[in-house]
Amino acid sequence: MKNRTTQLPDLSSFGLDQARHIYYQLTPAELIEEALKRNEGVLTENGALAIDTGEFTGRSPKDRFIVEDDITRDTVWWGKVNFKFDGAKFDALLQKVCNYLSERDVFVRDSCACANEKYHIDIRVITETAYQNLFSHHLFLRPDVINPGLAPEWTIIAAPGFTASPEEDGTRQHNFSIINFSKKIILIGGTGYTGEIKKGIFSVLNFVLPLEKKVLSMHCSANTGAKGDTAIFFGLSGTGKTTLSADPERSLIGDDEHGWSDYTIFNFEGGCYAKCADLTAEKEPQIFNAIQFGALLENINFIKGTRQVNFSNIDKTENTRVAYPLHHINNAVIPSIGASPKNIFFLTCDAFGILPPISKLTPEQAMYHFISGYTAKVAGTEAGITEPKATFSACFGEAFLPLNPVTYANLLGQKIKDHQVNVWLVNTGWSGGPYGTGKRIKLKYTRAMITAALNGELCNVTYIEHPVFNLRMPVSCPNVPDQLLDPKNTWSNAENYDEKAQNLAIAFNKNFEQYANLSNLAISEAGPNVPAQV
């Protein structure tokens with residue numbers, strides 16, 4: 001028995017044409033109904049579907065592989081991020097997964113990625129569960145016309161109930177996410193965490209677009225103003241990327257993954273996958289209001305005895321999530337395309353209290369800080385962290401980069417120069433001392449600085465140079481105390497500041513050593529001074 005759709009996609013190449021049931025292109029309401037029938041989740045009081053992803057409540061970076069072949073052998077940045085997988089092992093594992101799924105129900109969805117049609121790729125997602133297919137409906141773009149007879153460019157197969165045998169299958173453990181660029185297949189098993197689906201395609205685009213299309217793929221959010229001026233925001237978790245890009249005075253292009261072609265910024269996705277720990281209507285009204293019928297909540301807890309979500313309860317995981325289509329955001333830009341940016345913001349939560357609240361970067365400094373991807377973790381965020389810890393993630397998304405980070409930085413630098421873009425480094429972290437001594441920079445001041453940058457109010461003010469990091473700091477900014485703008489002025493002990501600044505500078509330069517051989521001298525020299533003359 002098949003579902004009511006008269007024309008089904010051809011799944012015979014995977015042996016899935018004989019699956020027990022094939023559910024094709026179901027609506028969110030139908031997928032929620034199927035998920036409830038299968039006890040995959042429950043409804044919240046506002047109609048969202050709440051599910052648990054099981055053993056894995058986040059990505060498993062050490063279990064993400066790329067098949068080594070003629071396409072990838074000399075191009076992929078092999079090492080700590082990209083792990084090699086044998087092609088013959090992939091073929092055997094693919095057959096085992098398909099045999100497993102052929103005895104079960106499968107949910108199939110045809111969709112695409114990249115809002116700019118010049119670059120879009122067709123994607124077929126085959127999932128074991130209804131909730132994974134609902135996630136795919138939300139996060140990928142939804143074409144107006146679907147032709148199941150056409151073969152997609154890429155296929156994602158996700159089977160959370162299948163577990164691998166590491167000795168036989170070549171995996172590290174029983175879960176896996178494997179990208180095969182020759183066969184254009186992403187194979188996921190042993191994990192129900194939906195983010196593996198989303199980031200699999202992001203990794204594909206991070207490989208294909210820069211190499212083949214000269215399009216810069218970016219892990220960033222983007223919005224646009226009433227005059228069509230686009231701004232993009234880079235930042236690791238906890239830096240405020242989602243909060244600061246969600247501006248009621250500006251329209252949202254997208255919250256996570258974008259491409260920068262010759263003249264446009266375009267969203268890769270058709271929805272958002274937002275963190276919702278401690279979510280409130282006051283702090284994140286757009287995300288809070290997007291949680292309505294059709295939305296997919298992951299690993300949340302309820303207030304006891306109710307179906308009301310307790311967003312402050314993170315007993316299952318700090319990585320509670322919600323997925324929803326972009327049209328759940330009132331001021332979303334659809335189609336999700338904007339002009340080339342006028343302003344770029346690198347957001348960092350500097351828990352050492354060293355970096356200025358806002359500084360303007362040269363193109364070379366922009367490339368240096370883009371490659372560095374700095375933020376800091378504070379005490380309590382991870383086991384064993386008792387004081388601030390510097391963290392670097394190249395291009396603010398190292399885990400998803402198949403190519404060497406310098407490749408992306410070179411593209412960024414060229415586009416900054418071609419379009420004369422203002423680039424700003426914004427510290428959303430501490431001032432007046434490190435975490436535990438100083439205070440977190442007030443959100444209202446950060447918003448004021450970003451607004452001033454967007455409005456051009458920082459173009460003609462006086463700048464002074466930071467003595468260690470060589471960053472140009474404005475001496476004044478509307479609605480921000482002058483003293484705050486130079487971080488050293490906020491410390492009670494200037495000598496302590498100088499010492500900590502040099503320590504952070506050393507960490508920056510040590511991290512950059514791995515990229516120095518591939519970077520030109522101007523980029524390397526755009527880093528901080530060590531030792532510093534202060």
Side-chain angles (χ1 to χ4, degrees), residues 23 25-59 105 107 109 111 125 127-140 142 158 160-161 191-198 237 242-243 246 248 252 254-256 269-332:
Y23 294 95
Q25 220 68 8
L26 297 191
T27 66
E30 291 169 325
L31 287 168
I32 289 172
E33 184 177 15
E34 294 296 333
L36 295 174
K37 285 197 301 187
R38 289 164 168 75
N39 295 316
E40 293 177 9
V42 298
L43 289 180
T44 67
E45 66 174 11
N46 60 358
L49 176 67
I51 61 97
D52 286 350
T53 60
E55 178 184 1
F56 295 95
T57 58
R59 290 183 307 101
D105 297 349
F107 295 85
R109 175 158 305 281
S111 54
V125 188
T127 65
E128 180 181 0
T129 65
Y131 82 80
Q132 290 173 306
N133 215 261
L134 179 64
F135 175 87
S136 301
H137 171 275
H138 294 345
L139 267 295
F140 295 129
R142 299 162 289 277
T191 173
Y193 182 65
T194 56
E196 298 284 11
I197 296 173
K198 163 188 162 72
S237 178
T242 301
T243 301
L252 183 70
D255 79 329
D256 198 44
E269 303 182 296
C272 302
Y273 189 44
K275 289 186 176 182
C276 50
D278 291 320
L279 180 68
T280 66
E282 293 73 29
K283 288 195 297 186
E284 302 280 7
Q286 289 184 327
I287 297 173
F288 190 88
N289 293 328
I291 304 175
Q292 52 191 263
F293 179 79
L296 177 68
L297 284 159
E298 294 182 352
N299 303 311
I300 54 87
N301 288 284
F302 292 108
I303 294 173
K304 189 174 182 179
T306 75
R307 290 290 179 90
Q308 183 180 348
V309 179
N310 184 351
F311 290 110
S312 64
N313 186 327
I314 53 174
D315 288 346
K316 294 176 184 175
T317 176
E318 291 185 6
N319 191 36
T320 53
R321 293 273 184 170
V322 60
Y324 49 85
L326 200 61
H327 60 253
H328 280 200
I329 299 292
N330 289 332
N331 65 339

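Just the heavy atoms: all of them, side chains too, but no hydrogens, waters or symmetry mates, feed the values below.
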Could you measure the distance from the [atom1] atom of [X] to the [atom2] atom of [Y]? Nearest 0.5 Å is fine.
| X | Y | atom1 | atom2 | answer |
| --- | --- | --- | --- | --- |
| Phe288 | Thr280 | CZ | OG1 | 7.5 Å |
| Asn301 | Thr317 | CG | OG1 | 10.5 Å |
| Phe140 | Glu269 | CZ | CD | 7.5 Å |
| Ile51 | Thr129 | CD1 | OG1 | 7.5 Å |
| Arg109 | Arg142 | CZ | CZ | 9.0 Å |
| Leu26 | Glu33 | CG | CD | 9.5 Å |

Considering non-hydrogen atoms only, spot the tightest contact between [X] and [Y] and give its length.
| X | Y | answer |
| --- | --- | --- |
| His138 | Ala323 | CD2-O, 3.4 Å |
| Ala277 | Glu318 | CB-O, 3.7 Å |
| Phe311 | Ile314 | O-CG2, 4.4 Å |
| Leu36 | Gly41 | CD2-O, 3.3 Å |
| Ser111 | Val125 | OG-CG2, 4.5 Å |
| Ile32 | Gly294 | CD1-CA, 3.8 Å |

Kindly indicate whether the side chain of [X], heavy atoms from C-beta on, has any atom under 4.5 Å from the side chain of [Y].
| X | Y | answer |
| --- | --- | --- |
| Lys275 | Thr242 | no |
| Glu34 | Phe107 | yes |
| Tyr324 | Leu296 | no |
| Arg38 | Asp105 | yes |
| Leu297 | Val309 | yes |
| Arg321 | Thr53 | no |
| Tyr23 | Asn133 | no |
| Leu139 | Ile197 | no |

Excluding sequence neighbours, so at least two apart, what forms side-chain contact (heavy atoms from CB on, under 4.5 Å) with [X]?
| X | value |
| --- | --- |
| Ser312 | Asp278, Asn310 |
| Ala35 | Glu40, Leu49, Ala130 |
| Asp52 | Asn299, Lys316 |

Stepwise side-chain hydrogen bond (donor to acceptor under 3.5 Å, both in side chains) check, Thr191 with Glu55: CA-CA 7 Å; Thr191 173; Glu55 178 184 1; over 6 Å; no
More than 12 heavy atoms of other residues, nucleotides or ligands under 6.0 Å from CG of Asn330: yes or no?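 Counting other residues, nucleotides and ligands, CG of Asn330 stays at 12 neighbours or fewer.
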Walk me through it: do Thr306 and Glu45 pass the test side chain to side chain contact (heavy atoms under 4.5 Å, CB included)? CA-CA 8 Å; Thr306 75; Glu45 66 174 11; 5.8 Å; no
Under a 3.5 Å distance rule, please check whether Tyr131 uses its side chain to pair with a backbone N or O of Gly192 as donor and acceptor.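 Checking the backbone N and O of Gly192 against the side chain of Tyr131, a donor-acceptor pair under 3.5 Å is found.
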Give a yes or no answer on whether the side chain of Glu30 reaches the backbone of Thr27 with a donor-acceptor pair at less than 3.5 Å.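 Present.
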Applying side chain to side chain contact (heavy atoms under 4.5 Å, CB included) to Asn313 and Thr320, what does each step give before you reach the verdict? CA-CA 9 Å; Asn313 186 327; Thr320 53; over 6 Å; no
Checking side chain to side chain contact (heavy atoms under 4.5 Å, CB included) for the pair Gln286/Asn331: CA distance, chi angles, key distance, verdict? CA-CA 9 Å; Gln286 289 184 327; Asn331 65 339; 2.7 Å; yes
Taking the six-membered ring for Trp, are Tyr273 and Phe135 parallel (under 30°), tilted (30 to 60°) or perpendicular (over 60°)?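 Perpendicular, since the angle between the ring planes exceeds 60°.
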Could you please spell out the steps behind the side chain to side chain contact (heavy atoms under 4.5 Å, CB included) verdict for His328 and Val322? CA-CA 12 Å; His328 280 200; Val322 60; over 6 Å; no
